[in-house]
Amino acid sequence: MSTTIKSAAKSKAPARVAFVGAGPGDPGLLTVRAVDLLRTADVVVIDQIAREEFVAGLVREDVEVVDAGHGETGQAMTTASRAKLVVRTAKAAGSSDGDRLVVRLMDGDPATFNGLAEEAMACHKAGIAFEFVPGVSAVGAVPAYAGVPLTTSSSRSVHVIPARETKVDWSRSVDPETTVVVLGAPETLAPALAKLLDAGRDPQTPVALTAQGTTIQQSTRTTTLGEVVDVLGRGTVPFPTLAVVGAPVALRDQLSWWETKPLYGWNILVPRTKDQAGSMTQRLGTYGASSDVVPTISVEPPRTPQQMERAIKGLVTGRYEWIGFTSANAVRAVREKFVEYGLDVRAFAGLKIAAVGGVTADALREWGLEPDLVPSGEQSAHGLLEDWPDFDELVDPINRVFLPRADIATDTLVAGLQEMGWEVDDVTAYRTVRAAPPAPEIREAIKSGRFDAVCFTSSSTVRNLVGIAGKPHASTVVACIGPATAKTAEEHGLRVDVLASEASADALVDALADFGRGLALAAAEAGEPLRRPSEKKKSTTRRKVKA
């Protein structure tokens, strides 16, 4: 007699939900806990401000994104429909072990005028586990980014009022020592502020209207309570907008810090691969600029890998005295071979390591290696040769150098080392091929001058960008990382405006920011409004700036 035992299948448990505050728009205002949860999320339910582009660099590639900001008609969803969507999403994302996570990313602070109570109660009724992660509220952050403190020694109270709220006693907010913050869409702000005026608030009270606060698209205009309804009625104020009414608004002229950054509002073209452009785009953001990354090269393995394989084996067996890295890509290529062969950094024991510049040195440090030699002057092959010691048979037990490089690398470094008495194994570690042309709208933006500046980090980026997308417009500021790159740009008919003081991405961005400061100073001295390069669209003679 045989007995068949059937195991009961585990029931599917809903995913847990984390209600996470996204802040008012600047990703830098996310809390550490928020970032950790986004990195591990299986599903992210986005809001009206924190959209797909906001979460793109914070989540896994396989994450599912669900839109709770707009319904199928494109209209904003109601609080009830969002609550149902969150519950439905948590159930659909469930698993037998109950270890799945849905992040409900809510604009600003979830607990402030944001429907948190309704959505969390819906989860509670459905038996779905949840947690709250507070976020930076637009109430304080947006005025701060506009240079408007909410309280001063003479303004000691703050009233926060949603514009859509109909049961508001506006007479409680007419005291001149009270700062009033009104949140809402432009079409709801106008009637709300009109009610404040009708309640008896002085029509000369300063008002600041800040749209898209804390982002690099932020714009603030100041007016008075008596005129603000007309300003809003012109239909030129975008969503989302926050209004601050009160005496502290008058301090904006002295305290504005975000919208006065040297590259504020600039759109910068960065011809690099996305994995190389991260630190550069972040630094541009600190100066107030947005950026579009356009890959101009694609890095591929060598066609014949045997030479690289022999060199790696020679490195392990002590064939070399030095290894010289001339790019972060070279570091990556060697590192990949180490992983393939099951090696780690201990294989570099007794080997001297050279890096052509700061970016390459940083790539080595990320791997746990500290370079013995980085050029003290120009960060290039020439600079590396100036500091590289001659071969001395009494000091150096081995006379051979391993150079893992690109297939298009010049012979400058090899020839220089050979003149110093070194034997060089010049090995193709990777190939660089021209990338596919960017999208038509990007090509048109490049040619028509819609980019304010372009940052070239090598001669190849110049050649390849011109080859796949055409020459940047004459109004576009051209910034180059070093003299060799600048020479290539000039050979392609480009006027170089900015030259970095050293061959690093940070120095290049800093030099561009100095150029932006110079434009602002010149406009102020001339008594003219500051215009971005893309707003000029005319070729003018510009001086080269070296930071």
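Val17 and Ala90 get closest at one heavy-atom pair: CG2-CB, 3.7 Å. Residues Ala15 and Val102 share a closest heavy-atom pair of CB-CG2, 3.9 Å. Closest non-hydrogen pair, Phe54 versus Asp26, comes out as CE1-C, 4.3 Å. Residues Ala41 and Val63 share a closest heavy-atom pair of O-CG2, 3.5 Å. When all heavy atoms are compared, the tightest approach of Val270 to Ser291 is CG2-CB, 4.0 Å. Considering all non-hydrogen atoms of both residues, Ala22 and Ala50 come closest at CB-CB, 3.7 Å.
A side-chain contact (heavy atoms from CB on, under 4.5 Å) with Ser290 holds for exactly one of Leu263, Asn267, Thr215; it is Asn267. When the options Pro533, Ser534, Pro472, Cys455 are evaluated for a side-chain contact (heavy atoms from CB on, under 4.5 Å) with Val477, the one that passes is Pro533. The side-chain contact (heavy atoms from CB on, under 4.5 Å) with Ser173 is formed by just one residue from the set Val180, Val168, Val245; it is Val180.
Checking side-chain atoms of Thr476 against main-chain N and O of Phe451 turns up a donor-acceptor pair under 3.5 Å. Between the side chain of Asp42 and the backbone N or O of Leu101 there is at least one donor-acceptor pair closer than 3.5 Å. No donor-acceptor distance shorter than 3.5 angstrom exists from the side chain of Ser155 to the backbone of Thr152, with no hydrogens or angles considered. Counting only distance, with no hydrogens or angles, the side chain of Ser81 and the backbone of Met77 share no donor-acceptor pair below 3.5 Å. Proximity of a side-chain donor or acceptor of Arg156 to a complementary backbone N or O of Ser153 within less than 3.5 Å is detected. In this structure, the side chain of Arg443 engages the main chain of Pro438 through a donor-acceptor pair within 3.5 Å. Remark: the backbone N or O of Thr214 is paired with a side-chain donor or acceptor of Gln218 at under 3.5 angstrom. In terms of modelled atom types and a separation under 3.5 Å, the side chain of Glu535 and the main chain of Arg532 share a donor-acceptor contact. Side-chain atoms of Asp175 come within 3.5 Å of backbone N or O of Glu177 as a donor-acceptor pair. Using modelled atom types, no side-chain atom of Thr188 and backbone atom of Gly184 make a donor-acceptor pair closer than 3.5 Å.
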Does the pair Trp266 and Tyr287 meet the rule for a ring pair (Phe, Tyr, Trp, His ring centres under 6.0 Å), with working shown? CA-CA 9 Å; Trp266 286 39; Tyr287 287 117; over 10 Å; no
Do Asp169 and Ser171 pass the side chain to side chain donor-acceptor pair (under 3.5 Å) test, and can you show the C-alpha distance, the side-chain angles, and the key distance before you say yes or no? CA-CA 5 Å; Asp169 184 356; Ser171 64; 2.4 Å; yes
Under the side-chain contact (heavy atoms from CB on, under 4.5 Å) criterion, do Val498 and Val478 qualify, and how do the steps go? CA-CA 6 Å; Val498 178; Val478 175; over 6 Å; no
Is there a salt bridge (Lys or Arg N to Asp or Glu O under 4.0 Å) between Arg16 and Asp99 once you walk through the steps? CA-CA 8 Å; Arg16 62 190 177 95; Asp99 196 33; 5.4 Å; no
Go through the steps to decide whether Arg517 and Asp514 satisfy the test salt bridge (Lys or Arg N to Asp or Glu O under 4.0 Å), and finish with yes or no. CA-CA 5 Å; Arg517 292 188 187 96; Asp514 285 341; 2.5 Å; yes
Test side-chain contact (heavy atoms from CB on, under 4.5 Å) on Glu165 and Lys167; report intermediate values, then the result. CA-CA 6 Å; Glu165 182 58 56; Lys167 298 178 180 179; 3.9 Å; yes
Leu242 vs Val244, side-chain contact (heavy atoms from CB on, under 4.5 Å): CA-CA, chis, key distance, verdict: CA-CA 7 Å; Leu242 179 146; Val244 180; 3.5 Å; yes
Checking side-chain contact (heavy atoms from CB on, under 4.5 Å) for the pair Ser219/Thr210: CA distance, chi angles, key distance, verdict? CA-CA 6 Å; Ser219 61; Thr210 301; over 6 Å; no
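Neither side chain, Ser504 nor Asp506, offers a donor N or O lying under 3.5 Å from an acceptor on the other. In this structure, a donor-acceptor pair under 3.5 Å is present between the side chains of Ser327 and Tyr430. For the residue pair Ser157/Thr178, the side-chain donor-acceptor check at 3.5 Å is satisfied.
Here the CZ-CD1 distance, from Arg272 to Ile297, works out to 9.0 Å after rounding to the nearest 0.5 Å. Expressed to the nearest 0.5 Å, how far CZ of Phe19 lies from CE of Met106 amounts to 6.5 Å. Distance check, rounded to the nearest 0.5 Å: CG of Leu37 to CG of Leu30 gives 10.5 Å. Atom CG of Leu193 sits about 7.5 Å away from atom CG of Leu209, to the nearest 0.5 Å. For the atom pair CZ (Arg335) and CG (Leu364), the distance works out to 9.5 Å, reported to the nearest 0.5 Å. Of the inter-residue distances, the one linking Thr222 atom OG1 with Asp253 atom CG reads 6.5 Å to the nearest 0.5 angstrom.
You'll find the side chain of Phe132 stays beyond 4.5 Å of the side chain of Pro110, heavy atoms only. Side chains of Thr224 and Thr205 form no contact here, defined as non-hydrogen atoms less than 4.5 Å apart. A 4.5 Å side-chain heavy-atom check between Val454 and Leu465 finds at least one atom pair inside the cut-off. Residues Val249 and Val207 are not in side-chain contact: their nearest non-hydrogen atoms beyond the backbone lie 4.5 Å or more apart. Using a 4.5 Å cut-off on side-chain heavy atoms (C-beta onward), Leu508 and Leu512 make no contact. With contacts defined as side-chain heavy-atom distances shorter than 4.5 Å, the pair Thr220/Arg252 qualifies. You'll find the side chain of Ile442 reaches within 4.5 Å of the side chain of Asp292, heavy atoms only. No side-chain heavy atom of His473 sits less than 4.5 Å from a side-chain heavy atom of Lys447.
Salt bridge absent: Glu119 and Arg82 never bring a charged side-chain N and a carboxylate O closer than 4.0 Å. Salt-bridge formation is detected for the pair Arg365/Asp362: a Lys NZ or Arg NE/NH1/NH2 atom is positioned less than 4.0 Å from an Asp or Glu carboxylate oxygen. Ion pair Glu441/Arg450 not flagged as a salt bridge, since none of the NZ, NE, NH1 or NH2 atoms sits closer than 4.0 Å to an Asp/Glu carboxylate oxygen. Look at Arg51 and Asp67 and you find a salt bridge, because one of the NZ, NE, NH1 or NH2 atoms lies within 4.0 Å of a carboxylate O, short of that distance.
Within a 6.0 Å sphere centred on CZ of Arg60, other residues, nucleotides and ligands contribute more than 12 heavy atoms. The environment of Arg172 atom CZ is sparse: at most 12 non-hydrogen atoms of other residues, nucleotides or ligands sit within 6.0 angstrom.
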